[in-house]
Amino acid sequence: MNLILASIAVLFLSSLVSLAVQGKPRIAGILGACGSVLALGLGIVPAVQALMGSQFAPLAFASSMPWLSFSMGLDPISAIFLVPIYILSGLVAVYGTGYMKPYAEQKNTAFYWFFYNILVASMVLVCVARNGLFFLLCWEVMALSSFFLVAFENDKVEVRKASWIYLIASQLGTVFLIPMFILFGNQSGSFEFSSFYNCLTPAAATGCFILGCIGFGTKAGIIPFHVWLPEAHPAAPSPVSALMSGVMIKTGIYGLVRMITFLGMPPLWWGMVLIAIGALSGILGVLFALAQHDIKRLLAYHSVENIGIIVLGIGVGLIGISTGHQTIAVLGFAGGLLHVINHALFKGLLFLGAGSVIHQTHTREIDHMGGLIKKMPITALTFLIGAVAISGLPPLNGFVSEFLVYMGSFSGITSLEAETAMPLAGVIASLALIGGLATACFTKVFGIVFLGEARTIQLDHVQESPASMTVPMIILAFSCVVIGLSGPLVVRLLIPEVLAIVPISGPFVFDPSEWLVNISIVASGLVVLIILGAGFRKFLLSRRTVGQTVTWDCGYAAPFSRMQYTASSFAQPLTDLFSAFLKTKKHIKVPADYFPAQASIETHTADPSNERVYRPVFAQAVGLLSRMRALQQGRIQIYVLYIVVTLIALLLWKLR
Amino acid sequence: METEIIAMYAFSIIHMFVGFALAPLMIGIVNRTKAVFAGRTGQPFLQPYYDMVKLLRKGAVYSRTTSWIFRAAPVVGLACAVAALAIVPFGNAPGLLSFEGDLVFFAYVLGLWRFFLVIAALDTGSAFEGMGASREVQFSAMAEPVLFVGLATVATLTGSLSLSDMIAGLSLPLAEIVLVAAALFVVFLCENARIPFDDPNTHLELTMIHEVMVLDYSGPDLGFVLYSAALKFWVLGALIIGITVPLDEGLPVWASCGYAFLGMVMLALLTGIVESVMARVRLLRVPQLLAAAGALAICALIFSMR
Amino acid sequence: METYIEASVILLLLTDIALFGTSRLYTCITIAAVQGVLLGLIALFANAETFIPRIIVIASIGIVIKAFVFPYLLKRTIRQAGVQREIQPFIGYLSSLVVSLVLFGVSIWFSAKLPLALGAGRSMIIPAAIMTMFTGLFLIVARRKALTQCIGYIVCENGMYLFGMVAVGEIPALVELGILLDAVAAVTVMGVAMYHINREFDHIDTDRLSSLKG
């Protein structure tokens with residue numbers, strides 16, 4: 001516990017120090033990154049220990065505010081979120097030193113490092129806070145510091161707009177969390193988490209569940225509260241997107257899981273609600289991702305999809321708890337929580353890879369890129385590993401967590417009554433659909449960005465990113481492979497954490513890691529087979545002539561790069577099929593005459609929940625609130641009058 | 001008892017080799033069936049073998065646009081096909097590597113193969129190959145849920161979670177099985193790029209799916225691609241045969257394998273007949289066909305749960 | 001017998017789903033005819049042990065009317081109106097398939113809530129009956145052509161017949177014949193009406209009848 005405190009102290013200290021040396025951006029960057037790396041070194045030790053089953057005594061510092069106390073604790077549930085936070089923030093900080101270098105001339109990068117370290121510290125604090133008010137305080141610090149990071153390039157109009165959307169969305173989310181904590185506090189008489197357990201009546205618990213789903217769901221980015229993700233991620237610098245998408249949105253999941261442990265025995269419909277939310281977020285998230293051609297916007301929608309998978313896992317787990325099936329519960333939660341770690345790794349990796357590409361090509365438009373694998377081999381390889389992992393394919397880590405969720409649902413449909421089994425069958429079908437669509441989406445991204453020929457960008461001055469950027473990516477890619485091949489070990493680490501959530505009656509008999517041993521064997525076998533096959537191919541070709549030519553374009557002898565398929569055309573059959581949800585707008589200029597001179601097509605997929613729900617609502621709200629503007633006269637006397645009137649009113653109310 | 005188990009696993013190993021050896025024969029049977037329907041003599045049954053051997057002995061030509069992805073994809077595809085072959089049961093012989101949950105691995109290892117095939121197609125930079133890749137991902141994204149719902153039905157019926165146990169635990173006749181088999185047969189035709197989804201014999205690149213994706217391959221790489229496609233035909237076929245052909249558990253393993261092989265031949269014949277009597281449907285209608293298969297699978301699942 | 005009943009019920013459900021996804025009017029009519037045969041068979045199978053001539057007679061009359069008379073009338077109307085398929089339905093065929101699955105789920109849920117005691121092998125009859133009624137209503141609501149709506153009406157009647165068969169047990173012969181007569185009258189009237197709509201407007205799209213409002 002002391003090491004966690006020390007890591008938080010280091011983070012705050014380094015953020016202040018980097019602000020102090022803002023005149024020298026290089027030193028500020030190094031010091032800022034050192035803070036996160038040092039915090040990684042310090043904090044990872046107790047976090048892993050907690051995962052291994054060590055107990056830590058909680059800490060508490062009293063405060064002069066009523067209800068508030070700075071109490072902290074470390075248990076397996078916190079640890080599982082702390083591990084990716086520490087790892088990813090350390091690696092992203094190293095990456096940031098390389099990525100922020102070009103910005104140093106135009107902007108004050110010291111601010112970046114200041115808010116970066118504050119953000120990391122506040123995420124750690126959110127996970128260890130054990131007091132409702134303290135939690136909310138850290139939650140707000142987290143929201144604000146990430147807001148400033150999103151707004152880093154605030155000289156651009158679209159960045160300012162995106163960061164406002166982000167700020168408003170996260171504040172609206174908090175609006176739902178405050179009554180939730182008040183409800184808890186009201187019923188238990190204290191804001192300490194330790195007093196929250198099973199303190200609610202069933203009706204209040206239902207209320208809390210709904211409030212928590214909306215409040216934490218906004219941070220996590222479940223549909224329909226996801227609108228800020230596709231706006232904020234393209235606007236933020238890539239390392240910030242990696243950090244936010246990789247771990248910050250997971251604090252929403254942390255809140256959800258933590259809240260579920262307080263609520264006691266869940267009724268069956270909670271699990272079903274979570275499954276419905278998860279399936280909706282997963283399927284629509286990946287569909288919207290397919291329709292995008294801005295690489296970071298696309299990855300942002302994939303975060304929505306993966307949060308959907310995590311929520312599916314938690315939903316399966318809840319159904320397991322409420323029906324009393326240990327196997328289903330353990331598999332569901334283990335799958336969902338392992339996906340938290342996995343998603344942090346591969347989504348962090350993908351955002352860093354995207355950043356590396358944007359760094360070199362200065363565009364986020366996928367349709368302009370192509371052929372980068374020849375210039376940026378390391379970025380391409382690591383991005384490929386991330387892409388395979390996020391598509392949930394073996395032998396990488398994404399498969400392991402999706403496998404657990406699948407198995408939870410499969411064992412559910414074989415052992416439960418039809419009414420409870422049906423939602424689980426829905427989980428299976430939607431996971432399969434998500435998997436297929438994710439494959440479509442990431443073949444698109446990888447194929448169009450890295451393969452083929454460059455479409456409109458110039459490849460001449462593109463080169464591989466510096467080592468400070470590639471090394472973190474290599475480490476992340478490597479850990480994706482390691483988790484993919486050592487599933488049983490990782491899951492064994494997860495078991496104590498899952499048991500903390502699942503109220504087990506009777507001895508714990510089921511161990512999913514036994515199943516995963518087989519997965520590891522087959523996955524390793526697959527790797528061996530690939531190596532053998534490569535050797536065989538090499539042997540076959542060793543004595544033969546190997547020629548080079550242009551691509552066979554059905555006899556056309558002078559193909560050029562603009563003739564290639566683009567991301568939009570690749571995704572078009574699927575986006576047309578689901579056009580009822582996507583509402584893609586097309587601006588087509590059809591070729592005319594026998595020798596058409598000009599033709600163009602432009603597609604744009606706006607977010608319907610943004611277009612049709614939030615925009616009208618906010619337009620109404622603006623109309624309503626503008627009437628209140630009469631109160632704002634801009635004269636100091638009037639404001640003083642308000643204060644006086646309020647004070648008198650309060651006095652009257654108290655003396656009544 | 002122990003000897004029986006050993007015998008079973010011996011047959012699993014033998015099945016691996018039988019699959020390796022006979023998979024291309026199935027393609028030969030399909031082609032021959034089509035030829036007979038068209039009133040031609042047709043190529044010899046062993047023609048796919050001749051083609052592959054010849055390809056393996058040739059050199060290769062690569063496009064200058066391609067990278068190592070293009071060269072790696074056939075190898076990955078072959079490895080995935082072999083892994084799938086090791087999982088799928090045949091007759092009463094369980095898969096060599098059968099375990100709880102292998103059905104998920106089975107479907108996803110085929111997914112890994114598809115991933116590499118598609119990016120290899122995009123690696124060439126050809127618009128035609130991009131087009132094929134785009135269609136491939138569209139159709140497979142829709143076929144995947146059908147496959148999973150179908151397998152979920154069989155899992156509910158038998159209460160087991162490994163392909164080998166599932167297939168061993170089935171007993172006929174069940175209405176659900178007929179529905180699942182119909183749905184899986186549609187998936188089988190789609191995944192193997194057969195009519196009505198894709199015409200393996202078409203001569204126009206614009207209309208192809210699987211064939212156009214591998215246009216740029218030559219020599220041993222093309223041999224690998226063709227061979228893994230044959231293995232995929234065998235693997236998915238073995239799954240359907242396992243689900244539809246009723247086998248008594250008391251049957252000796254060798255006899256059950258014989259029945260299963262007969263089933264495979266029948267399936268190849270059926271595929272050939274379907275290809276002869278049907279036309280390829282319009283690409284816009286393909287999702288409808290897969291959705292209908294999905295409806296069958298979901299009906300089967302609902303029946304199996306009551 | 002249970003196996004046969006079950007098989008017929010499953011086939012009936014499949015015909016329902018097929019109706020959701022078919023655009024050709026001829027095929028729709030044939031499917032509805034097949035449904036009629038299946039219903040007659042279910043009625044016969046369900047009473048196979050107790051040989052009651054009355055039931056056999058009614059079932060046979062039902063089969064004859066639904067499998068031969070209706071298709072004949074409807075196909076004649078098609079020839080007269082010169083339409084082959086439903087073009088541009090209100091709900092597309094892919095979405096219709098999805099709707100069919102949702103409705104199937106709903107009908108299973110409904111039937112689970114209904115307190116009906118059923119014998120072995122008959123647990124799917126009630127869902128199938130509700131589903132068939134839904135199918136008919138869906139065709140009436142979601143399709144444009146008067147003919148498809150007429151088929152929808154017949155299908156809906158099929159569902160009610162099946163429901164009545166299990167829910168009420170023995171329907172008095174008079175009532176059953178009455179319903180059949182109703183359906184015959186309806187089909188005839190609609191046939192005549194469609195003929196006239198077609199002659200007056202050169203099409204049988206019912207949604208454009210609103211232009212009559214003046």
Side-chain angles (χ1 to χ4, degrees), chain A residues 373-374 388 391-394 399 403 406-407 410-411 413-414 418 421-422 425 428-429 432-433 435-437 439-440 443 446-448 451-453 515 518-519 522 525-526 529-530 533-534 537 540-541 544-554 559 561 563-565 569-570 572-574 577, chain B residues 56 58-65 67 69 75-76 78-80 82-83 97 99-101 104-105 108-109 111-112 114-115 118-119 122-128 130-131 133-135 137-138 140-142 144-145 147-149 152 155-156 159 161 205 215-216 219-221 224 287 301 305-306:
Chain A
I373 192 171
K374 298 189 191 84
V388 175
S391 308
L393 297 171
F399 177 71
F403 176 79
Y406 266 121
M407 291 316 284
F410 267 110
S411 41
I413 59 168
T414 52
M422 241 13 241
I428 294 172
L433 187 62
L437 292 174
T439 306
T443 47
F446 185 76
I448 305 293
L451 303 179
E453 299 279 358
W515 291 357
N518 292 309
I519 290 287
V522 191
L526 190 67
L529 276 174
I530 292 174
R537 178 178 165 280
L540 284 174
L541 282 176
R544 310 278 167 215
T545 50
V546 175
Q548 292 254 314
T549 178
V550 291
T551 294
W552 166 249
D553 244 345
C554 301
S561 63
M563 284 167 60
Q564 292 174 101
Y565 239 45
S569 44
F570 185 80
Q572 178 265 336
L574 276 167
L577 188 64
Chain B
L56 290 186
K58 277 181 175 280
V61 181
Y62 295 105
S63 158
R64 275 179 214 102
T65 312
S67 62
I69 298 282
V75 175
V76 175
L78 189 61
C80 292
V82 174
L97 293 172
F99 54 93
E100 292 280 298
V104 181
F105 190 84
Y108 271 66
V109 88
L112 178 69
R114 185 177 311 119
F115 192 100
V118 167
I119 58 174
L122 291 172
D123 198 11
T124 62
S126 155
F128 295 100
M131 206 180 288
S134 157
R135 290 168 187 166
V137 292
Q138 184 202 5
S140 58
M142 300 202 65
E144 195 109 311
L147 177 66
F148 267 100
V149 174
T156 335
L161 298 178
E205 286 88 343
L215 264 186
D216 262 277
D221 289 323
F224 281 11
L301 183 67
M305 276 188 180
R306 84 208 126 101

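Being a predicted model, the structure only gives us computed values, none of them experimental. A, B, ... follow the sequence lines: proteins, then strands. Residue 1 opens every chain.
Contacts between F446(A) and chain B at a heavy-atom distance below 4.5 Å involve the side chain alone, from C-beta outward. Heavy-atom distances place the side chain of I373(A), and not its backbone, under 4.5 Å from chain B. For S140(B), no part lies under 4.5 angstrom from a heavy atom of chain A. For F410(A), the parts sitting under 4.5 Å from any heavy atom of chain B are the backbone and the side chain alike. Proximity to chain A (any heavy atom under 4.5 Å) is restricted, for L301(B), to the side chain, taken from C-beta onward. Both the backbone and the side chain of L56(B) have a heavy atom closer than 4.5 Å to some heavy atom of chain A. Of the two parts of L433(A), the backbone and the side chain both hold a non-hydrogen atom closer than 4.5 Å to a non-hydrogen atom of chain B. Looking at S561(A), neither its backbone nor its side chain comes within 4.5 Å of chain B, counting heavy atoms on both sides.
Ranked by heavy-atom pairs under 4.5 Å with chain B, the first of P573(A), G436(A), G533(A) is P573(A). Taking chain A as the reference chain and counting heavy-atom pairs below 4.5 Å, the highest number among D216(B), V76(B), V149(B) is found for D216(B). When each of G447(A), G525(A), P394(A) is scored by its heavy-atom pairs under 4.5 Å with chain B, the top score falls to P394(A). By number of non-hydrogen pairs under 4.5 angstrom with chain A, the leading residue of G125(B), A141(B), G59(B), S63(B) is S63(B). Note: T443(A) leads I413(A), T443(A), I530(A), T439(A) in heavy-atom pairs under 4.5 Å with chain B. Heavy-atom pairs under 4.5 Å with chain B were tallied for I448(A), L437(A), L526(A); the largest tally goes to L526(A). Taking chain A as the reference chain and counting heavy-atom pairs below 4.5 Å, the highest number among L97(B), L78(B), L215(B) is found for L215(B). Ranked by heavy-atom pairs under 4.5 Å with chain B, the list Q572(A), M563(A), Q564(A) is led by Q564(A). Your options are G111(B), A83(B), C80(B), G101(B), and the one with the most heavy-atom pairs under 4.5 Å with chain A is G101(B). Chain B forms the most heavy-atom pairs under 4.5 Å with one residue out of T414(A), T549(A), L529(A), L574(A), and that residue is T549(A).
Atom CZ of F224(B) sits about 5.5 Å away from atom CG of L540(A), to the nearest 0.5 Å. Atom CD of E453(A) and atom OG1 of T124(B) lie 10.0 Å apart (nearest 0.5 Å).
With contacts defined as side-chain heavy-atom distances shorter than 4.5 Å, the pair V61(B)/V546(A) does not qualify.
Nearest heavy atoms, A155(B) versus L161(B): CB-CD2, 4.4 Å. Nearest approach of A425(A) to M305(B), heavy atoms of both residues: CB-CE, 4.0 Å. The two residues S569(A) and S134(B) come nearest to each other via the heavy atoms O-OG, 4.0 Å. In this structure, K58(B) and P220(B) approach most closely via the heavy-atom pair O-CD, 3.3 Å. A152(B) and I428(A) get closest at one heavy-atom pair: CB-CD1, 4.3 Å.
A side-chain donor-acceptor contact under 3.5 Å links D123(B) and S67(B).
A tilted orientation is assigned to the rings of F399(A) and Y108(B), their planes being inclined by 30° to 60°.
Listed by chain and number, the residues in a salt bridge (Lys or Arg N to Asp or Glu O under 4.0 Å) with D221(B) are R537(A) (sequence neighbours excluded).
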